Amino acid sequence: MAVAAFCAEFPWLLPSLDTKPPRSFHGLIDISNTCYEISLKVPKFPSAKGLRLSSGVSLSCLIERCRCQLSKIEQESYTALEYLRKFQEICNLACSKQDASREVPLPTESFFTSILSNLEAIGWSKVCEISPDFTYVTLQERDVKGRLHNIKVGIPPGYPEEEPVVEANLPREFIFSWNSVEGLHSIFAAFKEQLSSLQQFWDILDDLDEMAVVLDPQNPERRHKTRRIFLSNHVSVQLTISVDHPRNLPQFHLFGPSSLTTPLNARLTEKYQVLYIIIIADWDPEQSIVSNIERVLEVEVVKRSMEPDDGNAEWGTECAVCYSLHLEGCHPDFTCDHCSQSFHLQCLYEWLHGLPNSRQSMNFIFGDCPYCSMLISCKVPE
């Protein structure tokens with residue numbers, strides 16, 4: 001029944017006959033009054049689970065322009081027929097918009113020749129991906145420590161006279177001098193130079209990630225300059241490492257109950273004052289950042305080898321209301337001064353707002369702590 005309904009709506013797509021129900025369809029689909037050849041893999045027909053669509057170069061260029069929308073309907077569609085209906089609708093709309101807009105001159109032969117010769121000079125082993133319509137290319141390079149880095153180059157229609165747009169996962173802005181003669185090679189050379197200048201920065205962060213228990217970011221990327229790590233139970237510190245001087249004293253921001261963070265902040269302020277008067281003796285650029293933190297704050301950093309099997313619960317980092325570490329990208333930054341339990345501000349506010357005996361004054365709300373029932377207050381979220 002499902003096969004009959006599918007073929008009735010898309011009669012030019014023929015099902016495979018080797019299995020029942022069919023696991024694939026092959027044939028033509030009408031997109032804006034033009035027939036395109038496609039192959040549809042449907043391992044769990046009529047379900048859309050595991051569905052894969054492939055096509056020729058012409059339709060692939062159109063699919064690439066609608067990539068985000070098509071990825072979304074692939075996740076939302078329950079059946080293969082539902083997916084193909086939406087696929088056809090999105091592609092038809094994309095064609096209509098293209099026809100309504102002003103015509104863009106097609107790339108010339110020199111456009112493709114220039115790109116291919118540039119990639120040949122760089123080396124094909126460095127090419128990670130090329131879009132079907134040559135609108136972007138992704139290049140890759142390993143640094144001296146073997147870390148893999150990618151750079152995505154958006155290629156404009158006026159290439160090489162027109163300068164490309166570059167996306168690089170780096171902790172500082174990627175700056176290059178465009179050379180239309182060298183083309184992509186000039187960008188890649190600048191990229192390798194940037195990688196070379198950032199080796200010490202990444203070495204320090206890699207050591208920190210390997211040794212300490214990192215709360216944020218959840219999945220550190222090469223562009224990230226901050227790490228939030230544990231100092232002791234219920235206390236954590238966010239470090240911002242200098243890109244240009246990674247071995248210098250980083251910026252500190254402490255999180256935890258005031259009874260514990262106040263003395264640490266006082267100690268840290270004293271160290272910063274010393275730093276600007278004389279050479280700071282406690283911060284040794286030759287030592288690891290973990291060892292330096294322990295000397296400056298006079299408190300032990302929690303090591304990954306000390307992390308309990310049940311995750312962050314023993315360290316008191318999960319929100320005591322929603323029992324989650326992250327809520328819409330936010331970490332539990334509010335701590336009860338009595339029991340040292342952590343909360344997301346939004347979770348704590350909603351808890352207090354629901355209590356019959358809570359009271360609000362100006363932009364603060366007061367009530368009983370969800371964990372220890374002692375008096376607690378927080379700002380009303382904006």
Side-chain angles (χ1 to χ4, degrees), residues 28-39 52-72 74 87-88 90-143 148-170 172-196 222-223:
L28 302 174
I29 187 171
D30 182 11
I31 303 293
S32 193
N33 297 321
T34 300
C35 290
Y36 294 94
E37 184 178 2
I38 65 168
S39 291
R52 290 290 180 269
L53 185 148
S54 57
S55 64
V57 175
S58 298
L59 185 56
S60 294
C61 294
L62 182 61
I63 291 173
E64 189 62 35
R65 291 199 294 272
C66 311
R67 177 62 60 192
C68 292
Q69 292 173 283
L70 294 177
S71 296
K72 185 178 179 181
E74 188 174 327
F87 173 87
Q88 189 179 45
I90 289 172
C91 290
N92 280 332
L93 184 60
C95 284
S96 299
K97 288 182 178 179
Q98 183 177 348
D99 293 340
S101 64
R102 62 183 181 85
E103 293 187 2
V104 178
L106 293 174
T108 61
E109 183 179 348
S110 62
F111 171 86
F112 296 103
T113 302
S114 179
I115 294 174
L116 293 174
S117 63
N118 289 166
L119 295 177
E120 183 75 31
I122 292 171
W124 289 106
S125 62
K126 307 293 185 182
V127 180
C128 183
E129 181 184 12
I130 304 177
S131 65
D133 55 356
F134 277 61
T135 54
Y136 73 84
V137 59
T138 303
L139 305 172
Q140 61 183 9
E141 176 70 348
R142 291 191 182 275
D143 61 25
L148 187 63
H149 305 270
N150 291 341
I151 183 171
K152 185 175 180 179
V153 184
I155 304 174
Y159 182 89
E161 285 72 24
E162 189 177 347
E163 183 176 314
V165 178
V166 181
E167 296 178 20
N169 191 14
L170 301 174
R172 62 160 69 104
E173 183 184 1
F174 178 64
I175 300 175
F176 63 95
S177 297
W178 175 240
N179 186 320
S180 60
V181 176
E182 295 184 2
L184 295 175
H185 193 274
S186 65
I187 294 177
F188 195 64
F191 181 58
K192 291 197 293 183
E193 187 177 342
Q194 284 266 25
L195 296 184
S196 178
R222 293 302 174 190
R223 61 185 173 84

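As the structure is a prediction and not an experimental result, all values here were calculated from the model.
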Could you walk me through whether Asp30 and Asn92 pass the side-chain contact (heavy atoms from CB on, under 4.5 Å) test, one step at a time?
-> CA-CA 9 Å; Asp30 182 11; Asn92 280 332; 5.8 Å; no
Would you sort out whether Tyr136 and Val165 count as a side-chain contact (heavy atoms from CB on, under 4.5 Å), showing the intermediate values?
-> CA-CA 9 Å; Tyr136 73 84; Val165 178; over 6 Å; no
Run the numbers on Leu70 and Leu53 for side-chain contact (heavy atoms from CB on, under 4.5 Å), then give the verdict.
-> CA-CA 11 Å; Leu70 294 177; Leu53 185 148; over 6 Å; no
Evaluation steps, side-chain contact (heavy atoms from CB on, under 4.5 Å), between Val153 and Ile187 = CA-CA 9 Å; Val153 184; Ile187 294 177; 4.0 Å; yes
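With contacts defined as side-chain heavy-atom distances shorter than 4.5 Å, the pair Ile151/Phe174 qualifies. At a threshold of 4.5 Å between non-hydrogen side-chain atoms, the residues Ile38 and Leu28 do not count as touching. The side-chain heavy atoms of Arg52 and Glu74, taken from C-beta on, include a pair separated by under 4.5 Å.
Taking the six-membered ring where the residue is Trp, Phe176 and Trp178 present perpendicular rings, their angle passing 60° and hence far from 30°. In this pair, Tyr159 and Phe111 present their aromatic rings perpendicular. The plane angle is above 60°, beyond the 30 to 60° band.
The CZ atom of Phe191 lies 5.5 Å from the CG atom of Leu170; values are rounded to the nearest 0.5 Å. With rounding to the nearest 0.5 angstrom, the OG atom of Ser55 is 10.0 Å from the CD1 atom of Ile29. Here CD of Gln140 is found 11.5 Å from NE2 of His149. Values are rounded to the nearest 0.5 Å. Atoms NE2 and CD1, on His185 and Ile122 in that order, are 6.0 Å from each other to the nearest 0.5 Å. The line from OG of Ser114 to CD1 of Ile155 is 9.0 Å long, rounded to the nearest 0.5 Å. Note that the NZ atom of Lys126 and the CG atom of Leu184 stand 15.0 Å from one another [nearest 0.5 Å].
Ser110 pairs by the side-chain hydrogen bond (donor to acceptor under 3.5 Å, both in side chains) definition with Thr108, not counting sequence neighbours. Residues passing the side-chain hydrogen bond (donor to acceptor under 3.5 Å, both in side chains) test with Lys152, sequence neighbours excluded: none. In this structure Glu167 satisfies the side-chain hydrogen bond (donor to acceptor under 3.5 Å, both in side chains) test with no other residue, sequence neighbours excluded.
Across all their heavy atoms, Arg222 and Asn169 have their closest contact at CB-O, 3.5 Å. Closest approach of Ile175 to Ala190, counting heavy atoms only: O-CB, 4.4 Å. Of all the heavy atoms in Cys66 and Ala94, the pair that sits closest is SG-CB, 3.5 Å. The two residues Val137 and Leu119 come nearest to each other via the heavy atoms CG2-CD2, 4.1 Å. Between Leu116 and Phe134, the shortest heavy-atom distance links the atoms CD2-CE2, 4.1 Å.
In this structure, Glu173 does not pair ionically with Arg223, as no charged nitrogen and carboxylate oxygen lie closer than 4.0 Å.
At distances below 3.5 Å, not a single donor-acceptor pair connects side-chain atoms of Asn179 with backbone N or O atoms of Ser186.
More than 12 heavy atoms of other shown residues, nucleotides or ligands fall within 6.0 angstrom of atom CD in Glu162.
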